[in-house]
*Asks:* 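Here it is, the structure in full.
Chain identifiers are assigned alphabetically (A, B, ...) following the order of the sequence lines, protein sequences preceding nucleic acid strands; residue numbering begins at 1 within each chain.
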Amino acid sequence: MSASGLAQIVLYLVVLLLLVKPLGGYMARTYEGQPTLLSRLLGPLERLIYRAIGVRAEDEMNWKTYALAMLLFNGTGLVVVYVLQRVQGSLPLNPQALGAITPDSSFNTAVSFATNTNWQGYGGESTMSYFTQMVGLSVQNFVSAASGMAVLVALIRGLSRKTSETIGSFWVDLTRSALYILLPLSFVMAIVLVSQGVVQTFAPYQTATLLQSTQDSNGKAIVEQVIALGPAASQIPIKQLGTNGGGFFNVNSAHPFENPTPFSNFVQLLAILLIPASLCYTFGKMVKDTRQGWAVLSVMLVVFIPMLSLCASQESHAPSSITSLGVTDAMSALAPGGNMEGKEVRFGIANSAMWAVATTAASNGSVNAMHDSFTPLGGLVPMWLIQLGEIIFGGVGSGLYGMLVFAILAVFVAGLMVGRTPEYLGKKIEAFEIKMASLVILVPSATVLVGTAIAVVVGAGKRGVLNPGPHGFSEVLYAFSSAANNNGSAFAGLSTNTPFYNTALGVAMFFGRFWVKIPVLALAGALARKKRVPPSPGTLPTHTPLFVVMLVGVIVIVGALTFIPALALGPIVEHLTFAAGAK
Amino acid sequence: MLIQLRTAIVTLLLLTLLTGVAYPIAVTGIAKLAFASRANGSLVVRNGRVVGSHLIGQSFDDPKYFWGRISATSPMPYNASASSGSNLGPSNSALVDPSKARVDALRAADPTNRAPIPIDLVTASASGLDPHISPSAAHYQVPRVARIRGLDEARLQALVDALTEPPDFVLIGEPRVNVLELNLALDGLK
């Protein structure tokens with residue numbers, strides 16, 4: 001990796017970490033109902049919403065009511081997005097007269113956006129009307145993220161309260177997440193993005209006369225270029241901040257209208273990890289021990305930084321099949337060098353690798369380069385980060401609740417080693433908690449492996465594959481990993497806009513989201529009911545470097561044992577044959 | 001449960017009005033006031049005609065122009081209403097074909113130039129619409145374009161240097177040359 005690449009990575013991490021405390025503290029105050037900077041402005045609106053929906057801010061729920069409210073809300077969203085896609089042809093704001101979307105694709109996209117996955121089975125500019133993007137998809141970007149944050153806050157309350165039957169109100173947590181956190185950040189970021197050239201217009205696509213004419217695949221002369229436009233700038237910020245990742249355009253943040261400059265790239269990259277990282281501090285604040293939050297954030301960084309280094313170094317070299325043509329992949333002050341297939345010049349290698357690692361560590365799934373064209377090990381990194389269960393930063397809310405489940409598992413394993421009843425933050429961890437934690441870890445993993453196995457034996461699954469050999473297997477494995485863990489990025493060569501993949505991946509997304517959220521809420525309810533046990537000499541402190549190492553160990557071992565056999569069939573064997581061929 | 005369902009529907013409706021209607025309209029309003037040209041797609045207008053966008057590349061294969069990245073969009077390259085990368089994997093033999101064709105075309109158009117070709121000039125971009133090439137990729141093409149247009153190489157090199165954008169804030173991103181802007185400037189030279 002070049003020196004400038006390294007400097008950009010350091011700059012990125014420093015800026016990110018500087019923002020953790022202010023934003024994390026602000027979010028903690030928001031969830032605890034304390035006055036903040038924006039209370040005067042947004043407080044009246046918040047109270048208006050409560051009055052209209054008939055809830056009182058102080059009315060709390062037990063975990064079952066909380067889960068029911070969450071399911072009904074996300075279910076309603078799913079139905080609305082499905083219907084909007086089916087009838088978009090007769091709705092306004094459709095200057096390109098795009099017709100109804102097929103039932104299987106509509107189902108897939110509805111599940112995808114309601115589960116915060118934002119898998120794109122479709123190409124935005126050639127499929128979705130402005131109305132569908134704004135009123136359907138953009139809204140789900142906000143509310144699916146807010147719903148994830150709400151569940152996290154409920155789990156944190158479970159840990160911080162004692163002998164309590166309730167874990168908060170879903171409606172209040174949802175409203176506060178959207179109103180005080182996601183909306184103001186998105187608004188500011190949208191204006192910054194427009195200043196960089198991200199489009200924001202309701203005008204129809206623009207026709208331009210080409211300077212030099214070209215030909216289409218049938219040899220017909222083409223003298224014009226039809227430039228897709230749309231209200232993108234309002235959707236991109238929430239796509240990143242809410243770890244959604246569904247692009248306005250087909251190629252997502254690689255599209256020059258979605259991500260026009262290195263600075264817009266920096267801002268979006270920051271937005272990907274901003275809330276997941278800051279929520280660690282929010283967690284520390286709410287359990288009244290900020291060291292706990294920093295410990296969890298350290299675990300994330302300990303996994304993140306080596307993965308980033310591996311990906312960036314692998315992408316710094318192009319395949320020998322290209323360089324042997326008399327082509328140079330050398331990096332210099334005047335050339336990006338490296339594996340530039342599927343990457344944009346303005347971003348180069350460092351920013352493409354940073355993005356690939358950040359978007360898959362978080363369950364974001366937006367891309368600024370095509371992961372399918374990454375080198376074998378460069379592409380293994382994003383895939384494995386997804387398979388770890390989207391807990392290295394992870395989705396907004398969902399990443400940290402997943403990580404806290406792993407922390408519970410880690411104290412359990414530590415307790416087994418020394419023969420003591422494990423406890424986390426003063427809560428005894430017993431059989432029910434471990435059962436729920438196991439569900440959270442096993443359901444997505446099983447969905448990935450079973451889904452991949454089915455897809456590579458049935459004809460409908462195999463027909464979608466673009467690249468031959470082990471790389472084709474990687475495409476399928478990546479797709480199910482991405483869907484079941486609600487990431488949404490892809491090895492995009494796989495043709496997934498087919499009834500088989502739309503349905504199979506839709507089901508995978510659904511399981512991966514709700515069969516994690518429900519056990520997490522059950523866990524929150526069980527923990528809230530427990531007494532707090534005072535720390536004893538036998539208590540394992542969970543803010544120390546020792547615990548950080550222990551937790552990293554548990555995550556890596558679970559992730560490795562579950563997925564290395566599958567990875568060996570895809571990227572690892574591809575890397576070995578690739579390296580052998582290069583000699 | 002029915003009460004919860006009603007709450008769910010009304011909440012979604014209100015949040016839709018807020019985040020799906022009011023928010024994008026407010027952003028559009030401010031965008032049109034403060035950054036009208038950028039919000040509308042950074043269009044390039046020559047003699048009253050839209051000839052492209054500063055941010056969207058165009059296909060060039062005439063030796064008298066600078067060439068950009070390979071574009072994998074279909075049915076024609078640089079299709080700005082259907083962005084796409086090639087998605088070809090590194091071990092796929094099909095990955096080499098477009099690169100090899102581009103190398104051959106570059107060599108045929110400039111047989112005396114034996115310099116190694118910068119990689120961004122022979123690989124497909126992620127979007128299929130990349131408007132930029134690296135300064136190295138532009139420098140590589142200077143002798144060819146100068147010869148065909150009968151221009152002084154030093155003068156053309158100076159034009160490329162003038163149109164080279166440094167990384168943002170010195171550090172962020174890569175240096176780059178906008179191919180459409182360079183070719184428009186080229187046609188304006190005399």
Side-chain angles (χ1 to χ4, degrees), chain A residues 53 69 72-73 76 126 134-135 138-139 142 190 194-195 197 199-201 208-209 212 214 216-217 222 225-229 231 234 249-251 254-256 260 262-263 266 318-319 321-322 325 327-329 334-336 340-342 344-346 348 369-370 372 375 467 471 492-493 574 578, chain B residues 4-5 7-12 14-16 19-20 24 27-28 31 35 38-42 49-53 55-56 58-60 62 75-76 80-83 85 87 89-92 96 99 103 116-120 122-123 125-127 129-130 132 134-136 168 172-174 176:
Chain A
I53 62 177
L72 286 171
F73 180 74
T76 308
S126 53
M134 259 169 62
V135 177
S138 226
V139 171
F142 278 98
V194 179
S195 81
V199 289
Q200 179 73 16
T201 173
T209 313
Q212 187 211 311
T214 181
D216 71 7
S217 50
I222 302 291
Q225 185 180 43
V226 178
I227 301 174
L229 298 168
S234 55
F249 299 105
N250 185 38
V251 291
H255 197 292
F263 181 63
F266 186 84
S321 56
I322 304 287
L325 300 170
V327 170
T328 173
D329 65 352
L334 295 176
M340 282 301 288
E341 179 74 23
E344 299 278 297
V345 166
R346 61 194 180 283
M370 293 299 127
D372 213 345
T375 58
N467 285 293
H471 197 88
E574 188 188 9
F578 193 60
Chain B
Q4 292 274 38
L5 183 62
T7 312
I9 293 169
V10 179
T11 307
L12 183 64
L14 291 176
L15 289 177
T16 299
T19 64
V27 171
T28 311
F35 308 102
R38 293 184 178 196
N40 292 334
S42 307
R49 263 193 336 177
V50 174
V51 296
S53 159
L55 296 175
I56 302 290
Q58 293 184 7
S59 176
F60 292 102
D62 188 326
M76 68 293 238
S81 46
S83 56
N87 286 309
S91 59
N92 191 339
V96 186
S99 299
V103 168
I117 305 170
I119 185 140
D120 53 309
V122 304
T123 45
S125 63
S127 61
L129 304 173
D130 194 344
H132 299 115
S134 66
S136 288
D168 292 8
I172 304 174
E174 299 289 330
R176 56 211 183 273

*Asks:* Measure distances from A/H255 to the heavy atoms of chain B and classify the residue's part below 4.5 Å as side chain, backbone, both or neither.
*Replies:*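 The answer is both parts of A/H255.
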
*Asks:* About how many Å separate CZ of A/F266 and CD1 of B/I172, when rounded to the nearest 0.5 Å?
*Replies:*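 Result: 5.0 Å between the selected atoms.
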
*Asks:* Got a donor-acceptor contact below 3.5 angstrom from the B/N92 side chain to the A/N467 backbone?
*Replies:*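 Not confirmed, B/N92 side chain does not pair with A/N467 backbone.
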
*Asks:* Hey, does the side chain of B/S136 reach the backbone of A/L334 with a donor-acceptor pair shorter than 3.5 angstrom?
*Replies:*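 Here the side-chain-to-backbone pair exists.
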
*Asks:* Can you tell which part of A/F142 gets under 4.5 Å to a heavy atom of chain B, answering side chain, backbone, both or neither?
*Replies:*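 The answer is the side chain of A/F142.
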
*Asks:* Pick one of side chain, backbone, both or neither for B/A31, based on which atoms fall under 4.5 Å of a heavy atom in chain A.
*Replies:*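 It is both, since atoms from each part get that close.
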
*Asks:* Just give me the residue among A/T214, A/V251, A/I322 that pairs up with chain B most often, heavy atom to heavy atom, under 4.5 Å.
*Replies:*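 That would be A/V251.
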
*Asks:* Which answer fits B/V103, side chain, backbone, both or neither, if we ask what part of it has an atom under 4.5 Å from a heavy atom of chain A?
*Replies:*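 Only the side chain of B/V103 comes within 4.5 Å of chain A.
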
*Asks:* What part of A/E341 is in contact with chain B, defined as an atom under 4.5 angstrom from a non-hydrogen atom: side chain, backbone, both or neither?
*Replies:*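 Answer is both: backbone and side chain atoms of A/E341 are under 4.5 Å from chain B.
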
*Asks:* Return the CG to OG1 distance between B/L5 and A/T76, rounded to the nearest 0.5 Å.
*Replies:*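 Reported to 0.5 Å precision, the distance equals 5.5 Å.
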
*Asks:* Need one label for A/I222: side chain, backbone, both or neither, based on atoms under 4.5 Å from any heavy atom in chain B.
*Replies:*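 Only the side chain of A/I222 comes within 4.5 Å of chain B.
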
*Asks:* Against chain B, work out which of A/S138, A/A335, A/A369, A/G348 has the most heavy-atom pairs shorter than 4.5 Å and name it.
*Replies:*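 Of the options given, most contacts go to A/A335.
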
*Asks:* May I ask you to decide if A/V345's main-chain N or O and B/D120's side chain share a donor-acceptor pair within less than 3.5 Å?
*Replies:*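 Flag not set: sc B/D120 to bb A/V345 has no pair under 3.5 Å.
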
*Asks:* Below 4.5 Å from any heavy atom of chain B, which atoms of A/P256 appear? Answer side chain, backbone, both or neither.
*Replies:*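 Both parts, backbone and side chain.
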
*Asks:* Is A/L325 in contact with chain B via its backbone, its side chain, both, or neither, using a 4.5 Å heavy-atom distance?
*Replies:*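 Contact with chain B is through both the backbone and side chain of A/L325.
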
*Asks:* Is it the case that A/Q212 and B/S59 place a side-chain donor and acceptor less than 3.5 Å from each other?
*Replies:*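 Short answer, no.
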
*Asks:* Is A/S321 close to chain B through its backbone or its side chain, or both, or neither, when contacts mean heavy atoms under 4.5 Å?
*Replies:*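 Both backbone and side chain.
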
*Asks:* Under a 3.5 Å distance rule, please check whether A/E344 uses its side chain to pair with a backbone N or O of B/S127 as donor and acceptor.
*Replies:*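 Yes; judged by distance alone, with no hydrogens or angles, the pair exists.
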
*Asks:* Could you tell me whether the side chain of B/D130 and the main chain of A/R346 form a donor-acceptor pair under 3.5 Å?
*Replies:*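 Pair absent, no side-chain N/O of B/D130 close to backbone of A/R346.
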
